[in-house]
Colleague: 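The structure's right below; bear with me while I get my questions together.
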Amino acid sequence: MYIRPIQRTDLDSLCLMAKHSGVGVTSLPDNRQKMAAKLDQALASFEKSLPLTERVYLFALVDESTEELAGICALESSIGHGDVWYNYHVGKSVHASREIGVHKITQTLYLSNDLTGCSEIATLFLMPNFRNNQNGHLLSRSRYLFLAEFPELFGDEIIAEMRGYSDEDGNSPFWESLGRHFFQMEFSDADYLTGLGNKVFIAELMPKFPIHVPMLTAEAQAVIGRVHPQTEPALAMLKSEGFEFNHYIDIFDGGPSVGTKIKNIRAVRESKTYQVGISDQTPAPDFGVKHGLLMVSNRQLGEYRVLLVDQGAAGDDTLWLKPAQAKILHVRAGDTVRAVSLRPKEL
Amino acid sequence: MLLVRPSTFSDLAGIERLLDDTDARVTTLPKERDKLSEKISESDDGFRGDTDGEGPSSFLFVLQDTDSNELYGTSGIDAEAGCGYPFFNYRLDEIVHASHHLNISSKVPVLFLSHELTGRTLLRSFTIDPALTKSDGFDLLSRARLMYIAANSDRFHQEVIAEIQGIFDEKGACPFWDAVGRKFFDMDFLTADYYCSMKSKTFMSELIPQHPVYVPLLPPEASATIGQNHPAANRTCQLLYREGFHRSKFIDPFDGGPVLKAQLRYTHTISNIRFKTARPSDVVGGMKYLISNQSNQDFRCVIGTLVDGIGDSIRISLDVADALNVQAGDDIAYSPL
């Protein structure tokens, strides 16, 4: 399995994935025209023909034996420029009176565009039949090698928005308590409209004044900053790389935003460059075990590739690749690659 | 004869008994003797026109039976709502949330914290013995305040307001309070109400949430009581409506009860008032009127009969003259009951 930039020929596979992803993955709308537009944007981004702030990098996880698309992931260079980026900032309010002995701390939600200009760890979707052999980790974490390689294409800070809590029937308590009163539509419909990039309606309908959290239902209050059960693993992965809750939440489902400085991401900090050596003797990776794997990128923008190798392949300055691996990475002996262990050491 | 006059310290016990007998909420009248006598003292200063530079005046009246000397009610005026501090209300307003593209348009009711009514003339502290609720005494006690204002109009703001108690049950549970204030004040309605009468209003500024409140976020039982008066205040409301008061966009920030508003000069009492000199007489007859003297410190108001006519003087009965402490040639005012 390897990572490469998305290609024009991937459109059918993308649309298939959008069908699979369903509600909650707003960045993958089930709409061929919109998907084609996203694809065009990604191609132009890799070609550097778009302004820096408009670039979105879409990557595909590909099965080299069949060339089948197993999953996709994305990086946005800078959010909130074309569309307006909305969050609620979760702030504290203290209501205190010495005279009558009251000191109460409450939360207040402030509609904000504070995260405008941050880079974003965006879409990720892995087809169900490929959810094994470290594929999810490779797909997600491969982006950090891209960030490490091309920091000039991104901002200082990067965030990821996590899908918020909803129950088995898809009901979001946060939406029911807040958004529904203003949008007069189902959560899934609002979510779909956002995915289509139709964000004007948010500005038109969203409450502009701060929201007193104690006035929301108990159920809604309980899920502020809480992720969907299916998103727990993704959150754990981001946290292991150094992302933390930044007190911004999604305005629809209350899901948390997590963020960090790009240079502080574990995989960015620990990644190193190596010279490529070619050898048949280099150990084959064992995808069955969590540890002992290295992500390796070829450091090229347009022909970007990442795959997993055994950590035994790394010497002090040289990384030994099998000929087949070198071929996938588009590298030869003497080229340089960037590598880092797939997972943080302590995990 | 029923008489309205300024309260004095000797009324303390009588007022306390009244407050014990009536379950109606009178936030501006504390039951504690110390606080109550403080109120009477402030009122005393007000009537003497002596405020010691300590801020705007407030006036407390009592309703007394001149035969038995028994007290039957209280009513009050604050020359400036808030008495020099911010006067808190929520203003009920509407924000339109519309998306042309999605064909959605809705008016969202929003409560904004407001001090706009600070400094208006405020009618308050109305308490009456339940036995007199359906009598002329009710009108006398309430409207005597307007007669007093008419006699001293330069001391009052032209706009007059009255806060009407909102919905709460026998146990003191108040749906509006539970949905709004309680979340920030951390106490039940009766406790908050108690503090309101006992403490300075500073704690209001400290605790009340500053941001607007979206009404749709409140539970339906709370939003349903916005601007609704307590059934016990029905008669008060009816009287004020007859006077020319109307519902405003403002509500009480604690219980959500309505604030009624009027322009003084257009109130029934003041627009129909006549000022003449008294001519005490044996002759009794005519229609019922509110009749008051024009004294500041020794203000008195009663209900009596007279026959209105042209001329600078007006005939009033001897016992009315006696109750008002007026003699022939003294200034009086009257307005139809």
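Here is the naming used below: chain letters follow the sequence lines, and residue numbers restart at 1 for every chain. These numbers come from the heavy atoms of this one structure, side chains and all, not from hydrogens, waters or symmetry mates. Source: prediction; values computed, not measured.
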Colleague: Is the centre of the A/Phe209 ring less than 6.0 Å from the centre of the B/His211 ring?
Modeller: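 No, too far apart.
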
Colleague: Which pairs, with at least one residue in residues 181-192 of chain B and sequence neighbours excluded, count as a side chain to side chain donor-acceptor pair (under 3.5 Å)?
Modeller: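 Checked against side chain to side chain donor-acceptor pair (under 3.5 Å) - neighbours excluded - the pairs reaching residues 181-192 of chain B are A/Lys104-B/Asp186, B/Asp178-B/Arg182, B/Asp188-B/Thr191.
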
Colleague: Can you name the closest pair of heavy atoms from A/Ser97 and B/Glu206 and give their distance?
Modeller: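 So the two residues come closest at OG-OE1, 2.8 Å.
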
Colleague: How close do A/Met215 and B/Ala179 get, counting heavy atoms only, and between which atoms?
Modeller: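 Of all heavy-atom pairs spanning A/Met215 and B/Ala179, the closest is CG-O, 4.0 Å.
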
Colleague: What's the shortest heavy-atom distance between B/Pro209 and A/His212, and which atoms?
Modeller: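 Taking every non-hydrogen atom into account, CB-CE1, 3.3 Å.
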
Colleague: For chain B, find its close neighbours in residues 172-181 of chain A: heavy-atom separation under 4.5 Å, sorted by number, or none.
Modeller: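 Within residues 172-181 of chain A, the residues under 4.5 Å from chain B are A/Ser177, A/Leu178, A/His181.
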
Colleague: If you count every heavy atom of other residues, nucleotides or ligands that lies below 6.0 Å from B/Glu94 atom CD, does the total exceed 12?
Modeller: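 Counting other residues, nucleotides and ligands, CD of B/Glu94 exceeds 12 neighbours.
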
Colleague: Side chain to side chain contact (heavy atoms under 4.5 Å, CB included) between B/Leu217 and A/Phe182: does it pass, once the steps are laid out?
Modeller: CA-CA 10 Å; B/Leu217 301 187; A/Phe182 300 94; 4.2 Å; yes

Colleague: Using non-hydrogen atoms only, which part of B/Leu207 is less than 4.5 Å away from chain A: side chain, backbone, both, or neither?
Modeller: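 Both the backbone and the side chain of B/Leu207 come within 4.5 Å of chain A.
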
Colleague: Check each atom of B/Phe184 against the heavy atoms of chain A and say whether the ones under 4.5 Å are side chain, backbone, both or neither.
Modeller: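 For B/Phe184, heavy atoms of backbone and side chain both lie under 4.5 Å from chain A.
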
Colleague: For B/Val180, is it the side chain, the backbone, both, or neither that has a heavy atom closer than 4.5 Å to a heavy atom of chain A?
Modeller: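 Both backbone and side chain of B/Val180 come within 4.5 Å of chain A.
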
Colleague: Which members of residues 216-232 of chain A, sorted by number, sit under 4.5 angstrom from chain B on a heavy-atom basis?
Modeller: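 Within residues 216-232 of chain A, near chain B: A/Leu216.
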
Colleague: Shortest non-hydrogen contact from A/Pro210 to B/Tyr214?
Modeller: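 Taking A/Pro210 first and B/Tyr214 second, the nearest heavy atoms are O-CE1, 4.5 Å.
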
Colleague: Suppose the criterion is side chain to side chain donor-acceptor pair (under 3.5 Å): which pairs have a residue in residues 167-177 of chain B, not counting sequence neighbours?
Modeller: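 Side chain to side chain donor-acceptor pair (under 3.5 Å) check on residues 167-177 of chain B returns no pairs.
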
Colleague: Relative to chain B, which segment of A/Met206 carries a heavy atom at a distance below 4.5 Å: side chain, backbone, both, or neither?
Modeller: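 When you check distances to chain B, only backbone atoms of A/Met206 fall under 4.5 Å.
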
Colleague: Looking only at heavy atoms, what is the nearest atom pair of A/Phe183 and B/Ile104, with distance?
Modeller: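 Nearest heavy atoms, A/Phe183 then B/Ile104: O-CD1, 3.3 Å.
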
Colleague: Assess whether atom NE2 of B/His100 is packed by more than 12 heavy atoms of other residues, nucleotides or ligands within 6.0 Å.
Modeller: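 Incorrect, the count does not exceed 12.
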
Colleague: Report the option among A/Val102, A/Leu205, A/Thr106, A/Ile211 that has the most heavy-atom pairs separated by less than 4.5 Å from atoms of chain B.
Modeller: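 The candidate making the most pairs under 4.5 Å is A/Leu205.
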
